[in-house]
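Mind having a look at this structure? Questions to follow.
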Amino acid sequence: MTAGKHDSDTNFREFNVGFDDDGIRLDRWFKRHLPETSFTTVAMWARTGQLRVDGARATPGDRIAAGQMLRVPPPEADKATADVDAPRRVRERVILSDEETEAAQAMVIHKDFQAFVLNKPPGLATQGGTKTTQHVDGLLDALQYDNEGRPKLVHRLDKDTSGALLVARTSRAAAFFAKAFSGRTARKVYWALVVDVPSIEDGMIELPIGKQPGTGGEKMHVDEAEGAPARTRYRVIERAGNRAAWVELQPFTGRTHQLRVHMAAIGHPIVGDGKYGGAAAFLTGGISRKMHLHARRIKVDHPDGGSIDVTAELPTHFAESLKQLGFEESLGDALVLDEKTAPSREEIKSRARAHAKSVRKERRGERRGRGVVEEKTAGGKPAGPKTGGSRTGAGSKFGAPRSGPRVEGGKPGGRGRPGGKPSGPRSGPGSR
């Protein structure tokens, strides 16, 4: 946006729409650039024809394009409606200490005109909350530099999870990245140490997740009845006997604490995650009690073309644990990132409908006594009953409710094979 200028005849202000505001709604433009002007005032200007875009009357819901000229009434017109709706306070830039500024800038591992990627240390929250005063969001003023706008978070990491965190530098980039995360085109790769060794070395966990009652929403759990769909792919990189495994995790949905809940649900809690793994989540022998979950890599399309593909170094405690267990860090990076993404929302809904239909059909069959079929031998004599019930277990797609978590595909456990492909006809983690 170029600085506003006044029309000499009418005293109206004129603004040129900047590149970062291309495609946004007009009311959103006012929130960004004239926050002291209330929505009530903007709507009144539109009704009376005082608000113009390239000379034409405009409404708050109109979308604007880069290069267009906005005509806005003079500042005095804001005061005329002050008694209707109090003006909003403009956020002042926070003055940080030298230590805070240095700490914030030390986290930067990638920087361009549209984005930063930070390597967040464990123990630092992404955003503030009750009794949380130190957080990444509070340090972003140190990364504003000469930009007009303040950097914006576009996703989160848990407080005790370390690694790659994407931050947008412009409003346009924030909207672009938000769409990438909501559309599941952004790829995130995590490393974790887990207790024991999964019996399937390359699997897909599909377990719905919801808030655990009685915890105030601070703890999640697997909720087959009311939970939101959640999908996580894991691959065993290497194992330390039967004691622990180093795994790569790729979330295909973005549920709160998803990776932690899923790994604990299949009996392999993340080392150091006492919240979901209890006492069983801690290893003896000098292994750190801190959380061993790290956002190793993030890959996302760039607003200006191309992509951002950044790897974040491990925190000290995680790197030391790998060495102590005899793992080679290079093995994790040798795994090829599967470019296939999760199924679309429509595909997920279609599968859910098919599953529900299958369950209803089987229940009707059970009520009608169709679950037993007499099978005859070659001599015509009955060979005994053959049950026609549904399949259950880790490999089934449909059927009666399971007695345990669903983990699909993959090769049996053993020493991890970098680049190992799942067995069966699947072409990628999202296919069935």
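Predicted, not measured: the structure shown is a model, and the values here were computed from it. We're numbering straight along the sequence, starting at 1.
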Within the structure provided, determine whether Leu70 and Arg13 are in side-chain contact (heavy-atom separation under 4.5 Å).
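No. Closest side-chain heavy atoms not under 4.5 Å.
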List the atom of Phe30, the atom of Trp45, and the distance in Å for their closest heavy-atom pair.
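Distance-wise, the nearest heavy atoms are CE2-CZ3, 3.9 Å.
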To check you understand the geometry: which heavy-atom pair defines the closest contact between His302 and Gln114, and what is its length?
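Distance-wise, the nearest heavy atoms are CE1-CG, 3.5 Å.
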Taking the six-membered ring for Trp, is the centroid-to-centroid distance between Phe15 and Trp29 below 6.0 Å?
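Yes, the ring of Phe15 comes within the 6.0 Å limit of the ring of Trp29, centre to centre.
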Flag, side chain of Gln258 to backbone of Arg231, donor-acceptor distance under 3.5 Å:
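Looks like yes, one N/O pair under 3.5 Å.
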Option from Arg187, Arg235, Arg233, Lys188 for which salt bridge (Lys or Arg N to Asp or Glu O under 4.0 Å) with Glu248 holds
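Exactly one candidate clears the test, Arg235.
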Are Ile209 and His262 packed together at the side-chain level, in the sense that at least one heavy-atom pair is separated by less than 4.5 angstrom?
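Side chain of Ile209 against side chain of His262, heavy atoms only: contact under 4.5 Å found.
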Closest contact, heavy atoms only, Gly274 versus Ala281
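Scanning both residues completely, I find the closest heavy atoms to be N-CB, 4.2 Å.
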Should we say atom CZ of Arg28 is surrounded by more than 12 heavy atoms from elsewhere, each under 6.0 Å from it?
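No, CZ of Arg28 has 12 or fewer neighbouring heavy atoms, counting only those of other groups under 6.0 Å.
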Lys152, NZ atom: more than 12 neighbouring heavy atoms under 6.0 Å:
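More than 12 heavy atoms, drawn from other residues, nucleotides or ligands, come within 6.0 Å of this atom.
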Side-chain donor/acceptor of His155 to backbone N/O of Leu166, under 3.5 Å:
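Side chain of His155 to backbone of Leu166, a donor-acceptor pair under 3.5 Å: yes, one is there.
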Assess whether atom CZ of Arg289 is packed by more than 12 heavy atoms of other residues, nucleotides or ligands within 6.0 Å.
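At most 12 heavy atoms, drawn from other residues, nucleotides or ligands, come within 6.0 Å of this atom.
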Check for a donor-acceptor pair, side chain of Lys120 on one end and backbone N or O of Lys159 on the other, with a separation under 3.5 Å.
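Checking the backbone N and O of Lys159 against the side chain of Lys120, a donor-acceptor pair under 3.5 Å is found.
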Dump the intermediate steps for salt bridge (Lys or Arg N to Asp or Glu O under 4.0 Å) on Lys290 and Asp160, then the final yes or no.
CA-CA 8 Å; Lys290 293 182 179 180; Asp160 294 321; over 6 Å; no
Mark yes or no for whether Asp158, through its side chain, and Thr161, through its backbone, hold a donor-acceptor pair below 3.5 Å.
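Looks like no, no N/O pair under 3.5 Å.
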Below 4.5 Å, heavy atoms only, C-beta onward: do Glu329 and Glu313 meet side chain to side chain?
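Counting from C-beta outward, Glu329 and Glu313 do come under 4.5 Å.
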Is any side-chain heavy atom of Phe177 closer than 4.5 Å to one of Ile308?
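Yes, at least one pair of side-chain atoms sits under 4.5 Å.
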Heavy-atom pair with the smallest gap, counting every atom of His317 and Pro122
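So the two residues come closest at CE1-CG, 4.0 Å.
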Would you indicate whether Glu218, at its atom CD, is surrounded by more than 12 heavy atoms from other residues, nucleotides or ligands within a distance under 6.0 Å?
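Atom CD in Glu218 is not packed in, count stays at 12 or less.
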Any side-chain heavy atom of Leu118 sitting closer than 4.5 Å to one from Leu143?
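The answer is yes, as the side chains (C-beta and beyond) meet within the 4.5 Å cut-off.
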Can you list everything that forms a side-chain hydrogen bond (donor to acceptor under 3.5 Å, both in side chains) with Asp333? Sequence neighbours excluded, please.
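Result, side-chain hydrogen bond (donor to acceptor under 3.5 Å, both in side chains) vs Asp333: Arg296.
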Residues that Asp62 engages under salt bridge (Lys or Arg N to Asp or Glu O under 4.0 Å), provided they are two or more places apart
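For Asp62 there are no salt bridge (Lys or Arg N to Asp or Glu O under 4.0 Å) partners, ignoring immediate neighbours.
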Is there a side-chain contact between Asp54 and Met69 in this structure, where contact means two heavy atoms from C-beta onward sitting under 4.5 Å apart?
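A side-chain contact exists here, since the closest heavy-atom pair is under 4.5 Å.
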Contact between Asp273 and Met263 at the side-chain level, heavy atoms closer than 4.5 Å - yes or no?
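No. Closest side-chain heavy atoms not under 4.5 Å.
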Using atom types as modelled and distance alone, determine if a side-chain donor or acceptor of Thr126 lies under 3.5 Å from a backbone N or O of Leu157.
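Yes: the side chain of Thr126 pairs with the backbone of Leu157.
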For a side chain to side chain contact (heavy atoms under 4.5 Å, CB included) with Phe116, tell me which candidate from Arg169, His110, Gln105 qualifies.
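So, applying the side chain to side chain contact (heavy atoms under 4.5 Å, CB included) to Phe116 and each of Arg169, His110, Gln105, only Arg169 qualifies.
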With a sphere of 6.0 Å drawn around CD of Glu328, does it hold more than 12 non-hydrogen atoms of other residues, nucleotides or ligands?
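Open.
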Does Lys219 make a cation-pi contact with Tyr276, if we ask for NZ or CZ under 6.0 Å from the ring centre and within 45° of the axis?
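Output yes; distance and angle both within limits.
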Quick one: does His292's side chain have a donor or acceptor within less than 3.5 Å of a partner on Leu322's backbone?
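No.
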Flag, side chain of Arg184 to backbone of Thr253, donor-acceptor distance under 3.5 Å
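No; judged by distance alone, with no hydrogens or angles, the pair does not exist.
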Tell me whether Tyr234 contacts the main-chain N or O of Leu259 through its side chain, where contact means a donor paired with an acceptor under 3.5 Å.
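The answer is no, because no donor-acceptor pair under 3.5 Å joins these two groups.
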Where is the tightest heavy-atom contact between Ser307 and Lys299, given as atom of each residue plus distance?
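Ser307 and Lys299 have their closest heavy atoms at OG-CE, 4.3 Å.
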Identify the two heavy atoms, one from Leu293 and one from Phe318, that lie closest to each other, and give their separation to 0.1 Å.
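Heavy atoms only, the tightest pair is N-CE1, 3.8 Å.
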Between Leu193 and Ser321, is any pair of side-chain heavy atoms under 4.5 Å apart?
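With C-beta onward as the side chain, the pair touches.
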Do the side chain of His135 and the main chain of Gly138 share a donor and acceptor less than 3.5 angstrom apart?
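Yes, the answer is positive, given that a donor and an acceptor are paired below the 3.5 Å cut-off.
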